[in-house]
Undergrad: 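Quick one: the structure is below, and I'll ask about it shortly.
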Amino acid sequence: MLALVVGPPHASRSAFRATVAAMPDAHAAGASPTDEELMDRYCAGDATAFTSLFRRYAARLARFVAPIVGAAQAPDVVQVAFLKLHEHRAKYQSGARFSSWIFTIARNTGLDHVRSAPRRREVHDDVEVAAEPIVRDPLRDARVRIAIDGLPAEQRDVVLLYWFGGLSLEEVGEVLGASHGAVRARAHRAYDKLRAVLGDLAPEVST
Amino acid sequence: MTTPEPTIPEGFGAGTVDEDALLARLEAVRVRIVDDVEARQGPWLRQAFFARHWPALLAASAAIAFPLLLPFPHPPSLAASVCAGLAGVLGIVATVAAPAHPARGERAALAALACGIVSLVLQAALALTTTTPQVASDGACALLFVGGFIAPQALLAFELWRSKAPVRRGHGLAAGAGAVFATCGALWAHCPGTTLAHIGVNHIAVPIATVVAATWLIARITRAKPLQP
(Lines give C-alpha, C1' and ligand atoms only; values in the text may rest on other atoms or scores of the structure.)
Protein backbone atom coordinates (compact mmCIF):
# COMPACT_ATOMS: atom_id res chain seq x y z
CA MET A 1 0.00 0.00 0.00
CA LEU A 2 1.08 3.51 -0.65
CA ALA A 3 2.74 5.15 2.31
CA LEU A 4 1.35 8.58 2.82
CA VAL A 5 1.93 9.74 6.34
CA VAL A 6 2.22 12.70 8.57
CA GLY A 7 5.71 13.34 9.84
CA PRO A 8 8.19 16.04 10.85
CA PRO A 9 8.05 18.89 8.34
CA HIS A 10 11.54 20.25 7.95
CA ALA A 11 13.40 17.01 7.44
CA SER A 12 10.71 15.80 5.06
CA ARG A 13 10.84 18.96 2.95
CA SER A 14 14.57 18.79 2.45
CA ALA A 15 14.42 15.07 1.72
CA PHE A 16 11.61 15.67 -0.74
CA ARG A 17 13.52 18.40 -2.56
CA ALA A 18 16.64 16.24 -2.66
CA THR A 19 14.63 13.37 -4.12
CA VAL A 20 13.05 15.57 -6.75
CA ALA A 21 16.41 17.07 -7.64
CA ALA A 22 17.85 13.60 -8.15
CA MET A 23 15.10 12.53 -10.54
CA PRO A 24 15.94 12.31 -14.24
CA ASP A 25 14.37 15.23 -16.04
CA ALA A 26 14.16 15.78 -19.76
CA HIS A 27 14.81 19.48 -19.25
CA ALA A 28 17.57 19.14 -16.68
CA ALA A 29 20.40 19.53 -19.16
CA GLY A 30 19.97 23.29 -19.53
CA ALA A 31 18.88 25.88 -17.03
CA SER A 32 15.91 24.56 -15.11
CA PRO A 33 12.76 25.85 -16.82
CA THR A 34 10.07 27.46 -14.74
CA ASP A 35 6.75 25.75 -14.19
CA GLU A 36 5.12 28.30 -16.45
CA GLU A 37 7.57 27.57 -19.28
CA LEU A 38 6.95 23.86 -18.84
CA MET A 39 3.20 24.43 -18.95
CA ASP A 40 3.53 26.35 -22.19
CA ARG A 41 5.66 23.57 -23.69
CA TYR A 42 3.18 20.98 -22.51
CA CYS A 43 0.31 22.89 -24.13
CA ALA A 44 2.40 23.09 -27.30
CA GLY A 45 2.59 19.29 -27.42
CA ASP A 46 5.82 18.59 -25.52
CA ALA A 47 4.93 15.48 -23.50
CA THR A 48 8.23 15.51 -21.60
CA ALA A 49 7.30 18.91 -20.20
CA PHE A 50 4.21 17.34 -18.68
CA THR A 51 6.34 14.60 -17.15
CA SER A 52 8.56 17.25 -15.56
CA LEU A 53 5.55 19.04 -14.08
CA PHE A 54 4.14 15.73 -12.91
CA ARG A 55 7.35 14.90 -11.07
CA ARG A 56 7.57 18.33 -9.54
CA TYR A 57 4.03 18.36 -8.23
CA ALA A 58 2.71 14.82 -7.65
CA ALA A 59 4.11 14.45 -4.14
CA ARG A 60 3.33 18.02 -3.13
CA LEU A 61 -0.26 17.62 -4.25
CA ALA A 62 -0.60 14.28 -2.46
CA ARG A 63 0.76 15.79 0.72
CA PHE A 64 -1.63 18.71 0.33
CA VAL A 65 -4.82 16.73 -0.33
CA ALA A 66 -4.13 13.98 2.22
CA PRO A 67 -5.51 15.97 5.17
CA ILE A 68 -8.60 16.85 3.12
CA VAL A 69 -9.54 13.42 1.78
CA GLY A 70 -7.50 11.01 3.86
CA ALA A 71 -4.19 9.40 3.07
CA ALA A 72 -5.67 6.39 1.32
CA GLN A 73 -7.68 8.52 -1.12
CA ALA A 74 -4.97 11.10 -1.80
CA PRO A 75 -3.38 9.36 -4.81
CA ASP A 76 -6.78 8.95 -6.47
CA VAL A 77 -7.52 12.63 -5.97
CA VAL A 78 -4.11 13.60 -7.33
CA GLN A 79 -4.79 11.40 -10.35
CA VAL A 80 -8.11 13.14 -10.98
CA ALA A 81 -6.43 16.52 -10.48
CA PHE A 82 -3.88 15.71 -13.19
CA LEU A 83 -6.64 14.56 -15.54
CA LYS A 84 -8.46 17.85 -14.90
CA LEU A 85 -5.25 19.73 -15.53
CA HIS A 86 -4.97 17.93 -18.85
CA GLU A 87 -8.60 18.51 -19.77
CA HIS A 88 -8.54 22.21 -18.88
CA ARG A 89 -5.00 23.04 -19.99
CA ALA A 90 -6.41 25.39 -22.60
CA LYS A 91 -7.73 27.56 -19.76
CA TYR A 92 -4.24 28.20 -18.44
CA GLN A 93 -3.29 31.79 -19.25
CA SER A 94 0.34 32.64 -19.95
CA GLY A 95 1.86 34.57 -17.11
CA ALA A 96 -0.41 33.04 -14.47
CA ARG A 97 1.44 31.24 -11.71
CA PHE A 98 1.24 27.52 -12.40
CA SER A 99 1.54 26.42 -8.76
CA SER A 100 -1.50 28.50 -7.75
CA TRP A 101 -3.47 27.02 -10.62
CA ILE A 102 -2.66 23.37 -9.98
CA PHE A 103 -3.21 23.69 -6.23
CA THR A 104 -6.58 25.32 -6.89
CA ILE A 105 -7.51 22.36 -9.11
CA ALA A 106 -6.32 19.89 -6.46
CA ARG A 107 -8.16 21.72 -3.67
CA ASN A 108 -11.42 21.79 -5.61
CA THR A 109 -10.98 18.15 -6.63
CA GLY A 110 -10.38 17.19 -3.00
CA LEU A 111 -13.43 19.10 -1.80
CA ASP A 112 -15.58 17.56 -4.55
CA HIS A 113 -14.30 14.14 -3.51
CA VAL A 114 -15.26 14.74 0.12
CA ARG A 115 -18.70 16.08 -0.84
CA SER A 116 -19.45 13.22 -3.20
CA ALA A 117 -18.56 10.45 -0.76
CA PRO A 118 -19.42 11.20 2.85
CA ARG A 119 -17.30 9.68 5.55
CA ARG A 120 -14.39 8.87 3.32
CA ARG A 121 -12.15 10.58 5.77
CA GLU A 122 -12.08 8.04 8.55
CA VAL A 123 -9.52 8.22 11.28
CA HIS A 124 -8.79 4.56 10.68
CA ASP A 125 -7.20 5.67 7.40
CA ASP A 126 -4.32 6.69 9.59
CA VAL A 127 -4.37 3.49 11.57
CA GLU A 128 -4.21 1.59 8.30
CA VAL A 129 -1.19 3.61 7.22
CA ALA A 130 0.37 2.84 10.58
CA ALA A 131 1.28 -0.57 9.22
CA GLU A 132 3.92 1.15 7.10
CA PRO A 133 7.40 0.94 8.61
CA ILE A 134 8.13 4.62 8.12
CA VAL A 135 5.30 5.75 10.36
CA ARG A 136 6.85 6.71 13.64
CA ASP A 137 3.90 7.84 15.66
CA PRO A 138 0.49 7.25 14.15
CA LEU A 139 -1.36 8.49 17.21
CA ARG A 140 0.45 11.80 17.03
CA ASP A 141 -0.30 12.04 13.33
CA ALA A 142 -3.96 11.40 13.97
CA ARG A 143 -4.00 14.11 16.66
CA VAL A 144 -2.42 16.59 14.24
CA ARG A 145 -4.95 15.78 11.57
CA ILE A 146 -7.89 16.09 13.95
CA ALA A 147 -6.52 19.42 15.20
CA ILE A 148 -6.24 20.72 11.63
CA ASP A 149 -9.75 19.49 10.88
CA GLY A 150 -10.95 21.54 13.82
CA LEU A 151 -9.68 24.81 12.37
CA PRO A 152 -12.07 27.18 10.59
CA ALA A 153 -12.07 26.46 6.85
CA GLU A 154 -10.21 29.62 5.83
CA GLN A 155 -7.42 28.93 8.35
CA ARG A 156 -7.27 25.24 7.47
CA ASP A 157 -6.81 26.08 3.79
CA VAL A 158 -3.86 28.31 4.64
CA VAL A 159 -2.24 25.62 6.79
CA LEU A 160 -2.76 22.98 4.12
CA LEU A 161 -1.43 25.07 1.27
CA TYR A 162 1.43 26.74 3.12
CA TRP A 163 2.62 23.92 5.28
CA PHE A 164 1.56 20.75 3.55
CA GLY A 165 1.58 22.06 -0.02
CA GLY A 166 4.80 24.01 0.41
CA LEU A 167 3.47 27.13 -1.31
CA SER A 168 4.70 30.60 -0.44
CA LEU A 169 2.29 32.93 1.36
CA GLU A 170 1.95 34.91 -1.86
CA GLU A 171 0.99 31.76 -3.77
CA VAL A 172 -1.46 30.79 -1.03
CA GLY A 173 -3.05 34.22 -1.40
CA GLU A 174 -3.44 33.66 -5.15
CA VAL A 175 -5.09 30.28 -4.64
CA LEU A 176 -7.50 31.58 -2.00
CA GLY A 177 -8.07 34.99 -3.53
CA ALA A 178 -6.85 36.73 -0.38
CA SER A 179 -4.25 39.40 0.24
CA HIS A 180 -0.79 38.57 1.55
CA GLY A 181 -1.61 40.27 4.85
CA ALA A 182 -4.84 38.35 5.26
CA VAL A 183 -3.06 35.07 4.61
CA ARG A 184 -0.38 35.88 7.18
CA ALA A 185 -3.02 36.79 9.74
CA ARG A 186 -4.92 33.56 9.12
CA ALA A 187 -1.70 31.54 9.37
CA HIS A 188 -0.81 33.16 12.69
CA ARG A 189 -4.26 32.54 14.11
CA ALA A 190 -4.23 28.93 12.89
CA TYR A 191 -0.80 28.22 14.31
CA ASP A 192 -1.72 29.78 17.64
CA LYS A 193 -4.68 27.40 17.83
CA LEU A 194 -2.54 24.43 16.84
CA ARG A 195 0.01 25.35 19.46
CA ALA A 196 -2.73 25.49 22.07
CA VAL A 197 -4.07 22.07 21.12
CA LEU A 198 -0.82 20.30 20.24
CA GLY A 199 1.68 22.16 22.37
CA ASP A 200 2.77 19.04 24.16
CA LEU A 201 3.93 17.44 20.92
CA ALA A 202 6.68 19.89 20.07
CA PRO A 203 9.20 19.11 22.85
CA GLU A 204 8.64 15.43 22.32
CA VAL A 205 9.86 15.61 18.74
CA SER A 206 12.60 18.16 19.20
CA THR A 207 14.48 15.88 21.58
CA MET B 1 6.87 46.85 12.63
CA THR B 2 6.69 43.81 10.36
CA THR B 3 4.84 40.71 11.39
CA PRO B 4 7.16 37.71 11.79
CA GLU B 5 6.83 34.84 9.32
CA PRO B 6 4.18 32.43 10.62
CA THR B 7 5.85 29.33 11.95
CA ILE B 8 4.67 26.09 13.38
CA PRO B 9 6.75 24.11 15.87
CA GLU B 10 8.61 21.12 14.57
CA GLY B 11 6.73 17.99 15.39
CA PHE B 12 3.27 19.27 14.64
CA GLY B 13 3.89 17.66 11.35
CA ALA B 14 3.50 18.32 7.69
CA GLY B 15 2.83 15.53 5.25
CA THR B 16 5.57 13.33 3.95
CA VAL B 17 5.05 11.07 1.02
CA ASP B 18 6.74 7.91 -0.06
CA GLU B 19 7.40 9.33 -3.47
CA ASP B 20 8.51 6.17 -5.20
CA ALA B 21 5.29 4.43 -4.24
CA LEU B 22 3.21 7.46 -5.16
CA LEU B 23 4.83 7.96 -8.55
CA ALA B 24 4.53 4.25 -9.27
CA ARG B 25 0.84 4.36 -8.44
CA LEU B 26 0.29 7.44 -10.60
CA GLU B 27 2.44 6.20 -13.46
CA ALA B 28 -0.58 4.92 -15.36
CA VAL B 29 -2.22 8.33 -15.47
CA ARG B 30 1.04 10.00 -16.45
CA VAL B 31 1.45 7.56 -19.35
CA ARG B 32 -2.17 8.12 -20.45
CA ILE B 33 -1.71 11.87 -20.54
CA VAL B 34 1.66 11.67 -22.29
CA ASP B 35 0.19 9.27 -24.87
CA ASP B 36 -2.79 11.55 -25.37
CA VAL B 37 -0.55 14.58 -25.97
CA GLU B 38 1.58 12.59 -28.39
CA ALA B 39 -1.38 11.13 -30.24
CA ARG B 40 -3.19 14.45 -30.61
CA GLN B 41 -0.45 16.95 -31.27
CA GLY B 42 2.55 14.86 -32.23
CA PRO B 43 1.73 14.11 -35.89
CA TRP B 44 0.93 17.76 -36.66
CA LEU B 45 4.05 19.02 -34.88
CA ARG B 46 6.28 16.67 -36.85
CA GLN B 47 5.09 18.06 -40.20
CA ALA B 48 7.09 20.64 -42.14
CA PHE B 49 6.18 24.33 -41.76
CA PHE B 50 4.15 24.64 -44.97
CA ALA B 51 2.34 21.37 -44.36
CA ARG B 52 1.34 22.61 -40.92
CA HIS B 53 0.39 26.14 -41.79
CA TRP B 54 -1.06 26.00 -45.30
CA PRO B 55 -4.58 26.93 -44.13
CA ALA B 56 -3.32 30.07 -42.39
CA LEU B 57 -1.10 30.99 -45.36
CA LEU B 58 -4.08 30.56 -47.66
CA ALA B 59 -6.20 32.65 -45.29
CA ALA B 60 -3.58 35.40 -45.31
CA SER B 61 -3.45 35.29 -49.12
CA ALA B 62 -7.23 35.59 -49.32
CA ALA B 63 -7.21 38.45 -46.84
CA ILE B 64 -4.56 40.28 -48.87
CA ALA B 65 -6.35 39.61 -52.18
CA PHE B 66 -9.65 41.02 -50.95
CA PRO B 67 -8.62 44.69 -50.71
CA LEU B 68 -6.96 44.43 -54.13
CA LEU B 69 -10.38 43.65 -55.62
CA LEU B 70 -11.88 46.82 -54.18
CA PRO B 71 -11.26 50.32 -55.40
CA PHE B 72 -10.18 52.87 -52.79
CA PRO B 73 -12.13 55.97 -53.77
CA HIS B 74 -11.99 58.30 -50.81
CA PRO B 75 -11.34 56.47 -47.59
CA PRO B 76 -13.13 58.53 -44.98
CA SER B 77 -11.01 57.17 -42.16
CA LEU B 78 -7.63 55.87 -43.19
CA ALA B 79 -6.51 55.53 -39.56
CA ALA B 80 -9.39 53.17 -38.71
CA SER B 81 -8.68 51.09 -41.80
CA VAL B 82 -4.99 50.81 -40.97
CA CYS B 83 -5.73 49.81 -37.37
CA ALA B 84 -8.23 47.20 -38.52
CA GLY B 85 -5.76 45.86 -41.08
CA LEU B 86 -3.10 45.64 -38.39
CA ALA B 87 -5.55 43.80 -36.13
CA GLY B 88 -6.18 41.38 -38.97
CA VAL B 89 -2.49 40.72 -39.54
CA LEU B 90 -1.85 40.23 -35.81
CA GLY B 91 -4.87 37.95 -35.54
CA ILE B 92 -3.54 35.72 -38.30
CA VAL B 93 -0.03 35.74 -36.77
CA ALA B 94 -1.53 34.81 -33.39
CA THR B 95 -3.43 31.92 -34.93
CA VAL B 96 -0.29 30.60 -36.63
CA ALA B 97 1.73 30.92 -33.42
CA ALA B 98 -0.94 29.52 -31.07
CA PRO B 99 -0.44 25.74 -31.42
CA ALA B 100 3.35 25.62 -30.99
CA HIS B 101 3.97 28.88 -29.09
CA PRO B 102 0.87 29.46 -26.97
CA ALA B 103 2.32 32.35 -24.94
CA ARG B 104 3.42 34.26 -28.06
CA GLY B 105 0.06 33.51 -29.63
CA GLU B 106 -1.71 35.01 -26.63
CA ARG B 107 0.42 38.16 -26.74
CA ALA B 108 -0.23 38.60 -30.45
CA ALA B 109 -3.93 38.00 -29.83
CA LEU B 110 -4.02 40.74 -27.19
CA ALA B 111 -2.26 43.14 -29.56
CA ALA B 112 -4.75 42.24 -32.30
CA LEU B 113 -7.64 42.86 -29.95
CA ALA B 114 -6.20 46.22 -28.90
CA CYS B 115 -5.79 47.31 -32.55
CA GLY B 116 -9.30 46.12 -33.33
CA ILE B 117 -10.79 48.11 -30.46
CA VAL B 118 -8.89 51.23 -31.51
CA SER B 119 -10.17 50.84 -35.07
CA LEU B 120 -13.76 50.53 -33.85
CA VAL B 121 -13.35 53.60 -31.64
CA LEU B 122 -11.98 55.54 -34.61
CA GLN B 123 -14.96 54.47 -36.69
CA ALA B 124 -17.33 55.63 -33.95
CA ALA B 125 -15.47 58.93 -33.70
CA LEU B 126 -15.76 59.36 -37.48
CA ALA B 127 -19.52 58.85 -37.36
CA LEU B 128 -19.97 61.23 -34.44
CA THR B 129 -17.78 64.03 -35.72
CA THR B 130 -18.52 64.08 -39.45
CA THR B 131 -20.24 67.28 -40.57
CA THR B 132 -21.38 66.12 -44.01
CA PRO B 133 -22.50 62.51 -43.64
CA GLN B 134 -22.16 60.41 -46.80
CA VAL B 135 -24.73 57.72 -47.48
CA ALA B 136 -23.68 54.21 -48.50
CA SER B 137 -25.59 51.07 -49.39
CA ASP B 138 -26.04 48.93 -46.27
CA GLY B 139 -26.74 45.82 -48.34
CA ALA B 140 -23.63 46.17 -50.52
CA CYS B 141 -21.45 46.84 -47.50
CA ALA B 142 -22.80 43.78 -45.67
CA LEU B 143 -22.42 41.62 -48.74
CA LEU B 144 -18.80 42.68 -49.26
CA PHE B 145 -18.10 42.10 -45.57
CA VAL B 146 -19.46 38.56 -45.64
CA GLY B 147 -17.75 37.83 -48.96
CA GLY B 148 -14.44 39.08 -47.64
CA PHE B 149 -14.21 37.31 -44.32
CA ILE B 150 -15.89 33.92 -44.83
CA ALA B 151 -13.09 32.08 -46.63
CA PRO B 152 -10.12 33.29 -44.53
CA GLN B 153 -12.19 32.83 -41.37
CA ALA B 154 -12.95 29.20 -42.19
CA LEU B 155 -9.29 28.58 -43.03
CA LEU B 156 -8.08 30.05 -39.72
CA ALA B 157 -10.54 27.89 -37.81
CA PHE B 158 -9.35 24.88 -39.82
CA GLU B 159 -5.74 25.71 -38.95
CA LEU B 160 -6.50 25.59 -35.23
CA TRP B 161 -8.66 22.48 -35.53
CA ARG B 162 -5.97 20.58 -37.45
CA SER B 163 -3.29 21.31 -34.87
CA LYS B 164 -5.37 19.61 -32.12
CA ALA B 165 -3.63 21.93 -29.67
CA PRO B 166 -5.52 23.25 -26.65
CA VAL B 167 -7.07 26.50 -27.83
CA ARG B 168 -6.93 29.24 -25.22
CA ARG B 169 -9.46 32.05 -25.14
CA GLY B 170 -6.96 34.44 -26.69
CA HIS B 171 -6.19 32.05 -29.52
CA GLY B 172 -9.86 31.52 -30.32
CA LEU B 173 -10.43 35.27 -30.22
CA ALA B 174 -7.47 35.88 -32.54
CA ALA B 175 -8.74 33.33 -35.04
CA GLY B 176 -12.25 34.72 -34.74
CA ALA B 177 -11.15 38.34 -35.14
CA GLY B 178 -8.25 37.97 -37.58
CA ALA B 179 -10.19 37.56 -40.80
CA VAL B 180 -12.99 39.89 -39.70
CA PHE B 181 -10.68 42.81 -39.01
CA ALA B 182 -8.59 42.16 -42.13
CA THR B 183 -11.79 42.41 -44.15
CA CYS B 184 -12.97 45.47 -42.22
CA GLY B 185 -9.67 47.23 -42.92
CA ALA B 186 -10.17 46.80 -46.66
CA LEU B 187 -13.88 47.49 -46.63
CA TRP B 188 -13.73 50.68 -44.56
CA ALA B 189 -11.14 52.10 -46.95
CA HIS B 190 -13.61 51.52 -49.74
CA CYS B 191 -16.96 52.35 -48.15
CA PRO B 192 -17.89 56.03 -48.39
CA GLY B 193 -20.60 55.79 -45.71
CA THR B 194 -20.18 58.07 -42.70
CA THR B 195 -23.72 58.22 -41.34
CA LEU B 196 -24.13 57.24 -37.71
CA ALA B 197 -26.59 54.45 -38.51
CA HIS B 198 -24.42 52.92 -41.25
CA ILE B 199 -21.23 52.96 -39.22
CA GLY B 200 -22.98 51.92 -36.01
CA VAL B 201 -24.60 48.88 -37.59
CA ASN B 202 -22.43 47.84 -40.55
CA HIS B 203 -18.98 48.89 -39.36
CA ILE B 204 -19.24 48.30 -35.61
CA ALA B 205 -22.14 46.08 -34.49
CA VAL B 206 -21.93 43.53 -37.31
CA PRO B 207 -18.14 42.96 -37.01
CA ILE B 208 -18.38 42.65 -33.21
CA ALA B 209 -21.25 40.18 -33.48
CA THR B 210 -19.34 38.23 -36.13
CA VAL B 211 -16.20 38.06 -33.98
CA VAL B 212 -18.21 36.84 -30.98
CA ALA B 213 -20.02 34.20 -33.02
CA ALA B 214 -16.85 33.03 -34.78
CA THR B 215 -14.92 32.81 -31.49
CA TRP B 216 -17.72 30.78 -29.91
CA LEU B 217 -17.85 28.46 -32.91
CA ILE B 218 -14.08 27.98 -32.93
CA ALA B 219 -14.11 27.20 -29.20
CA ARG B 220 -16.77 24.56 -29.85
CA ILE B 221 -15.08 22.82 -32.76
CA THR B 222 -11.64 22.77 -31.17
CA ARG B 223 -12.77 21.44 -27.78
CA ALA B 224 -11.04 18.15 -27.00
CA LYS B 225 -12.75 15.16 -25.47
CA PRO B 226 -11.62 14.70 -21.83
CA LEU B 227 -9.83 11.57 -20.63
CA GLN B 228 -11.91 9.54 -18.18
CA PRO B 229 -10.45 8.72 -14.73
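Below, chain A is the first sequence line, B the second, and so on; all start at residue 1. Fair warning: this is a prediction, and the values are worked out from it, not measured in the lab.
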Undergrad: To the nearest 0.5 angstrom, please state how far the CZ atom of Phe54(A) sits from the CD atom of Glu27(B).
TA: 6.5 Å
Undergrad: If you compare all heavy atoms of Cys43(A) against all heavy atoms of Arg168(B), which two are closest, and at what distance to 0.1 Å?
TA: SG-NH2, 3.5 Å
Undergrad: Between Val34(B) and chain A, with a heavy-atom cut-off of 4.5 Å, which part of the residue counts as in contact: side chain, backbone, both or neither?
TA: both
Undergrad: Minimum heavy-atom separation for Arg89(A) and Pro166(B), please, with both atom names.
TA: NE-CG, 3.7 Å
Undergrad: Counting a contact as any heavy-atom pair under 4.5 Å apart, which residues of residues 92-109 of chain B contact chain A?
TA: Pro99(B), Ala100(B), Pro102(B), Ala103(B), Glu106(B)
Undergrad: Measuring from atom CZ of Arg63(A) to atom CG of Leu22(B), what distance do you get when rounded to the nearest 0.5 angstrom?
TA: 11.5 Å
Undergrad: Under 4.5 Å from any heavy atom of chain A, what part of Arg40(B) do you find: side chain, backbone, both or neither?
TA: side chain
Undergrad: With only heavy atoms counted, which part of Ile33(B) is less than 4.5 Å from chain A, the side chain, the backbone, both or neither?
TA: both
Undergrad: With a 4.5 angstrom heavy-atom cut-off, could you sort out which part of Gln93(A) is near chain B: side chain, backbone, both or neither?
TA: both
Undergrad: Return the minimal non-hydrogen interatomic distance between Leu26(B) and Ala58(A), and the atom names on each side.
TA: CD1-CB, 4.1 Å
Undergrad: Closer than 3.5 angstrom, by distance alone: can the side chain of Gln41(B) be matched with the main-chain N or O of Ala47(A) as a donor-acceptor pair?
TA: no
Undergrad: Within the 4.5 Å heavy-atom criterion, are Val29(B) and His86(A) side-chain neighbours or not?
TA: no
Undergrad: Given heavy-atom pairs under 4.5 angstrom as the criterion, report whether the side chain, backbone, both or neither of Tyr92(A) touches chain B.
TA: both
